[in-house]
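Each ligand, and each atom within it, is numbered from 1 in the order the structure gives.
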Amino acid sequence: MSKILQSVKGMPDILPPEAEHWETIEAVIACCLKSYGYKPIRMPIVEPTPLFKRAIGEVTDIVEKEMYSFEDSLNGEPLTLRPEGTAGCARAVIQHGLANQTTQRLYYMGQMFRHERPQKGRYRQFHQVGVEAFGFNGPDVDAEQILMIARLWDDLGLDDIHLQINSLGEAEERARHRDDLIAYLEKFQDILDDDAKRRLYTNPLRILDTKNPALQEMCLGAPKLLDYLGENSRAHFAGVQQILRDVGIPFTINPRLVRGLDYYNLTVFEWVTKQLGAQGTVCAGGRYDGLVEQLGGKPTPACGFAMGVERLVALLEASGGLPQPASPDVYIAHQGDSARCPAFQIAENLRATGMDVLLHCGGGSFKSQMKKADASGAPFAVIIGDDEAATGDVQLKHLRDEAFGQQRIKAEHIADIITDYLVETFNPETEKEN
Ligand code: HAM
């Protein structure tokens with residue numbers, strides 16, 4: 001027997017009913033983003049490799065070791081499966097002149113690929129909802145995005161996610177800080193781990209983000225970027241904080257929050273939960289005013305964030321907040337040649353009234369069909385045999401309410417009878433609980 005092929009490590013299938021939860025969650029998110037004026041955009045999953053090298057930075061973990069890159073077999077062009085969406089979104093905005101003389105609020109959802117060590121909450125194929133605003137100087141748009149995320153946690157029924165913010169200032173402020181930071185870190189050469197040694201002269205800021213407890217005390221004494229910010233950067237950061245306070249969003253300033261992508265300046269933020277263990281960042285982003293120009297576009301300020309859908313789903317699962325999988329309203333069981341045509345017609349008629357209908361396929365006895373009807377979760381079964389078909393009748397059975405029982409009715413009355421029943425038994429209290 002040949003070996004059964006498996007999905008690629010770290011790239012899991014999302015099966016029903018989980019995939020149904022995903023659709024519900026994505027619909028809630030899209031609805032919230034649209035209410036703030038964000039419009040959908042869809043970018044390709046494959047982009048030219050230099051896009052990510054230029055946007056994310058040559059000396060980041062993502063570009064150095066996590067990209068799925070390959071050459072186009074026809075023309076040798078270097079291509080990469082997107083590890084994130086900001087670079088592709090900025091590329092699309094520039095290529096199509098979307099931000100010329102106007103602003104853009106955009107969002108996207110989809111797969112991203114990073115060759116990381118898979119573990120709970122960290123995958124090689126994962127999904128992000130990403131949001132990008134182009135053409136706004138802020139700080140109001142930075143704060144509005146954070147406010148929108150807070151509303152989204154509410155809409156999804158999530159709490160216990162905490163906001164951390166920081167400012168990375170501007171390039172020249174980071175350069176001054178970097179010189180002093182390297183001089184400080186050089187004094188600790190003998191305790192630096194391999195990662196820190198590798199980053200000392202390429203990306204020293206990332207050393208401050210180390211998870212190595214042996215280095216954390218040293219990091220506490222390191223020069224703080226916030227102390228190097230100029231007047232404009234400080235005013236921008238103060239502006240974001242002021243709006244957050246005004247609208248009542250609690251936050252912590254984390255001076256060691258540096259992000260793993262090089263395009264950021266000024267505001268950066270992360271929403272973190274303790275409920276997911278090591279992979280607790282569910283949403284992260286910030287301002288990247290230089291990226292559009294760096295990729296060849298006109299200078300365009302920008303700000304955005306992305307959230308990890310797998311982590312959101314895990315969080316909803318942990319809090320018992322996953323939506324119930326939807327059941328059909330009606331299951332149609334039928335037997336006999338003359339019952340087939342009315343069964344199909346009734347199914348279509350009921351669907352046209354807005355009901356979800358599962359039509360039994362594959363034959364079998366009424367007994368086995370009714371077992372399937374019960375397992376489907378549908379409250380109603382419509383049963384049609386040759387006898388009912390001959391008179392244009394059906395048996396309408398409530399599968400969960402004995403008082404309704406089973407009634408022989410005219411086929412054209414099914415929708416009305418079900419609607420009347422739903423109106424009579426509607427209970428706003430149980431509706432609210434659901
Ligand atoms: P990021 O911090 O690399 O930022 O990713 C954003 C979120 O994606 C993370 O907070 C996490 O929830 C999720 N995520 C990242 N890697 C994985 C993984 N391997 N498995 C599961 N989930 C993961 C960005 O990607 C930026 N493009 C965000 C942004 C948009 N900044 C401005 N605009």
Q | Winner among R259, E84, R311 once heavy atoms are compared against atom 1 (P) of ligand 1 | A | R259
Q: Return yes if a side-chain donor-acceptor contact under 3.5 Å exists between Y331 and D374, otherwise no.
A: no
Q | From the candidates Q128, R114, E116, the one that places a heavy atom nearest atom 8 (O) of ligand 1 | A | Q128
**Q.** Structural part of V282 in contact with ligand 1, heavy atom criterion under 4.0 angstrom
**A.** backbone
**Q.** Salt bridge D195-R198, side-chain N to carboxylate O under 4.0 Å
**A.** yes
Q) If you measure only the distance, is there a donor-acceptor pair under 3.5 Å linking the side chains of N166 and N254? A) no
**Q.** E116 bridged to K65 by N-O distance under 4.0 Å
**A.** no
Q | Between Y228 and E170, a side-chain donor and acceptor under 3.5 Å | A | no
Q. Which atoms of ligand 1 sit under 4.0 Å from any heavy atom of L261?
A. 3 (O), 4 (O)
**Q.** Side chain, backbone, both or neither: F269 near ligand 1, heavy atoms under 4.0 Å
**A.** neither
Q | Part of Y288 within contact of ligand 1 (heavy atoms, under 4.0 Å) | A | side chain
Q) Closest non-hydrogen protein atom to atom 21 (C) of ligand 1, residue and atom name please, with distance? A) G121 O, 3.3 Å
Q.
Heavy atom to atom 26 (C) of ligand 1, shortest distance: which of Y263, F305, F126 holds it?
A. Y263
Q. At what distance is the nearest protein heavy atom to atom 9 (C) of ligand 1, and which residue and atom is it?
A. T281 O, 4.0 Å
Q. Nearest protein heavy atom to atom 30 (C) of ligand 1, by residue and atom, and its distance?
A. T86 OG1, 3.0 Å
Q. Strictly by modelled atom types, are T273 and D160 linked by a side-chain donor-acceptor pair under 3.5 Å?
A. no
Q: With rounding to the nearest 0.5 Å, note down the distance linking OH in Y288 to OH in Y264.
A: 8.5 Å
Q. For ligand 1, which atoms have a heavy atom of G285 less than 4.0 angstrom away?
A. 31 (N)
Q.
Test your reading of the structure: does G308 have an N or O sitting under 3.5 Å from an N or O of ligand 1?
A. yes
(Q) Ignoring hydrogens and geometry beyond distance, is a side-chain donor-acceptor pair present between S233 and E173 at under 3.5 Å? (A) yes
Q) Is there side-chain contact between I383 and H334, with at least one heavy-atom pair below 4.5 Å? A) no
Q: Classify the contact between R124 and ligand 1 as side chain, backbone, both or neither, using a heavy-atom distance cut-off of under 4.0 Å.
A: neither
Q.
By the definition salt bridge (Lys or Arg N to Asp or Glu O under 4.0 Å), identify the one residue from R199, R114, R259, R117 that meets it with D61.
A. R199
(Q) Heavy atoms only, cut-off 4.0 Å: how does E132 contact ligand 1, side chain, backbone, both, or neither? (A) side chain
Q: Check each of Y108, Y264, Y123 against atom 20 (N) of ligand 1 and report the one with the nearest heavy atom.
A: Y123
